[in-house]
Amino acid sequence: MDDLKTLDSRYLAGTYGRFNLQAVSGKGAVCTGLDGREYIDFTSGIGVNSLGWGDPDWVEAVSRQAADLQHISNLYYTAPMIGLAQALCTRTGMDKVFFCNSGAEANECMIKTARKYNADHYGKGRHTILALENSFHGRTITTLSATGQDVFHRYFDPFTDGFSFFQANDLSSFTAYLNGNHTIGGVLLELIQGEGGVVPLDQEFVQGIAKLCKEQDILLMVDEVQTGIGRTGKLLCCEHYGIRPNLVSLAKGLGGGLPIGAVLFDEKCADVLGPGDHGTTYGGNPVACAGAQVVLSKLTHSLLKEVEQKGQYMTEKVLSMPKVKSVEGKGMMLGITLDGDSKALAAACLEKGLMILTAKAKLRMLPPLTISYEEMDRGLTILNEVLSV
């Protein structure tokens, strides 16, 4: 029988530059490959497996729900969807939720909500959404249009109109757009730019934007697809910045391994979308929502505190390694600035048994939130060996 790599090249579209790992199973933060080797996971499926692999409570919940009711559509009520919505609103202080399937879809929903809010309150023309240079918000045509990186824009024009970009951590760049411009209806931010290189925004900059948005009734939208659901040591990264956005997008870690996206609405936006304004066939899927309820239930105060402590532990260890210049990020969303080719170093780590990500020139670490110190130490030992060559 041909191996997975051969079959992949034969039958799958070549849209991914895969690492040389044929994964078979996983437990906690340890993956087992087809070759029988164990690999320490510093990726959690790009921030998705928030509880690691095979969490028994998560497995039991999704298995039971799959046996009871795997799908029914949004034409009917289901307890897992409503229970998850209630839990999210209670935990975040937001008013309502819309469920979808991915981060890109959640960002699309925020954009549509902002456009409709402004059309309802101001009529046509107040439709421009400001986003940051170096941002990343998804791969659909509209979320690519909202993405401030030219590398993602090749080949796919024309793009959706109505987006402009300003410089991160430069409030004057933002206010320059506002002066005399009556077309701006929303601002879209990642508080830590993930695909842009794990770049946290400055506190003063974010709070300045939030203040100006509130004064001028410009909707503040925060993309927490990667930063949300405990990744930074808070349930939402917004909490670090002391802001309450009008709209927040979630995905990745929320499902614990199953596809799910969500948009949180504050009281201003809670009733903007009515029947027929937006929708999706799979959004609020009972199995995905059952898994997400387990994830939320496990993100206790003590676990979130552990995420902060583990992030500090990893940062201190990595800062003592060769070739490392700095470590950026919050909690367990960390980027390593270093001397050397990040992709070559990531490949070398995998050869020695460590799964690690890249973000532009940086190595990026997004371990499961539940990773043990023993698993962290095994992975950090490998990273140190690779950086010492």
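FYI, side chains are in, hydrogens and waters are out, and symmetry mates aren't considered; it's all heavy atoms of this structure. Treat the numbers as computed from the prediction; the structure is a model and nothing was measured.
Under a 3.5 Å cut-off, the side chain of W58 and the backbone N or O of A292 do not form any donor-acceptor pair. For D8 (side chain) and L4 (main-chain N/O), no donor-acceptor pair under 3.5 Å exists by modelled atom type. Using a distance-only test at 3.5 Å, with no hydrogens or angles considered, a donor-acceptor pair links the side chain of D341 to the main chain of K343. Checked by atom type and distance alone, the side chain of K310 pairs as donor or acceptor with a backbone atom of I371 at under 3.5 Å. In this structure a side-chain-to-backbone donor-acceptor pair under 3.5 Å is present from Q65 to L69. At least one donor-acceptor pair closer than 3.5 Å links the side chain of E224 to the backbone N or O of C237. The backbone N or O of L387 lies less than 3.5 Å from a partner atom in the side chain of K323, making a donor-acceptor pair. A donor-acceptor pair is defined here as one N or O able to donate and one able to accept, closer than 3.5 Å; no such pair exists between the side chain of T147 and the backbone of Q149.
Remark: E308 does not engage K330 in a salt bridge, criterion side-chain N to carboxylate O under 4.0 Å. By the 4.0 Å N-to-carboxylate-O rule, D55 lies close enough to K298 to be salt-bridged with it. D339 and K325 are joined by a salt bridge, as a carboxylate oxygen and a charged side-chain nitrogen come within less than 4.0 angstrom of each other. Taking the charged nitrogens against the carboxylate oxygens, R244 and E267 do have a contact shorter than 4.0 Å, which makes a salt bridge. With respect to the salt-bridge test (charged N to carboxylate O, under 4.0 angstrom), the residues R364 and E195 qualify. Here K112 does not pair with E108 in a salt bridge; the nearest charged N to carboxylate O distance is not below 4.0 Å. Between K268 and D95 there is no salt bridge, since none of the side-chain N atoms of the basic residue sits less than 4.0 Å from a carboxylate O of the acidic one.
L296 and I82 fall into different hydrophobic clusters, where Ile, Leu, Val, Met, Phe, Trp and Tyr are joined by side-chain heavy atoms under 4.5 Å apart, directly or via other members. Cluster membership for W53 and V62, using ILVMFWY side-chain heavy atoms within less than 4.5 angstrom, is not shared. L130 and L219 fall into different hydrophobic clusters, defined by Ile, Leu, Val, Met, Phe, Trp and Tyr side-chain heavy atoms under 4.5 Å apart, directly or through other members.
Residues N246 and Y117 have side chains that never bring a donor and an acceptor to within less than 3.5 angstrom of each other. Inspection of the N101 and T280 side chains reveals an N or O donor paired with an N or O acceptor under 3.5 Å. A donor-acceptor contact closer than 3.5 angstrom is absent between the side chains of E133 and S135. Counted by atom type alone, T315 and Q312 present zero donor-acceptor pairs between their side chains at under 3.5 Å. Inspection of the T160 and T142 side chains reveals an N or O donor paired with an N or O acceptor under 3.5 Å. Side-chain contact annotation: T175 with S172, donor-acceptor N/O pair under 3.5 Å absent. Inspection of the H240 and T232 side chains reveals an N or O donor paired with an N or O acceptor under 3.5 Å. Side-chain contact check for K5 and N20: at least one donor-acceptor pair (N or O, by modelled atom type) lies under 3.5 Å. Side-chain contact check for S249 and N107: at least one donor-acceptor pair (N or O, by modelled atom type) lies under 3.5 Å. Using modelled atom types and a 3.5 Å distance limit, the side chains of E190 and T227 yield no donor-acceptor pair. No donor-acceptor contact under 3.5 angstrom links the side chains of Y241 and D202, judged on distance only. Checked by atom type, the side-chain pair T6/D3 shows a donor-acceptor distance below 3.5 Å.
Classification of the Y282-H71 ring pair by plane angle, with boundaries at 30° and 60°, yields tilted.
Taking both residues in full, the closest heavy atoms of T128 and S164 are given as CG2-OG, 4.1 Å, listed atom of the first, atom of the second, then distance. Shown here for G47 and L366, the closest heavy-atom pair between the two residues is N-CD1, 3.9 Å. Residues G256 and S50 come closest through the heavy atom pair CA-OG, 3.8 Å.
Cation-pi geometry between R18 and Y16 is not met: the NZ or CZ atom fails to fall both under 6.0 Å from the ring centre and inside 45° of the normal.
Between F98 and F265, a ring centre-to-centre spacing not shorter than 6.0 Å is recorded.
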Q.
Does K116 form a salt bridge (Lys or Arg N to Asp or Glu O under 4.0 Å) with D120? I'd like the steps, not just the answer.
A. CA-CA 6 Å; K116 187 170 186 295; D120 289 345; 3.0 Å; yes
Q | CA sep, side-chain torsions, deciding dist, call: D377, K317, salt bridge (Lys or Arg N to Asp or Glu O under 4.0 Å) | A | CA-CA 9 Å; D377 285 341; K317 293 287 187 179; 5.3 Å; no
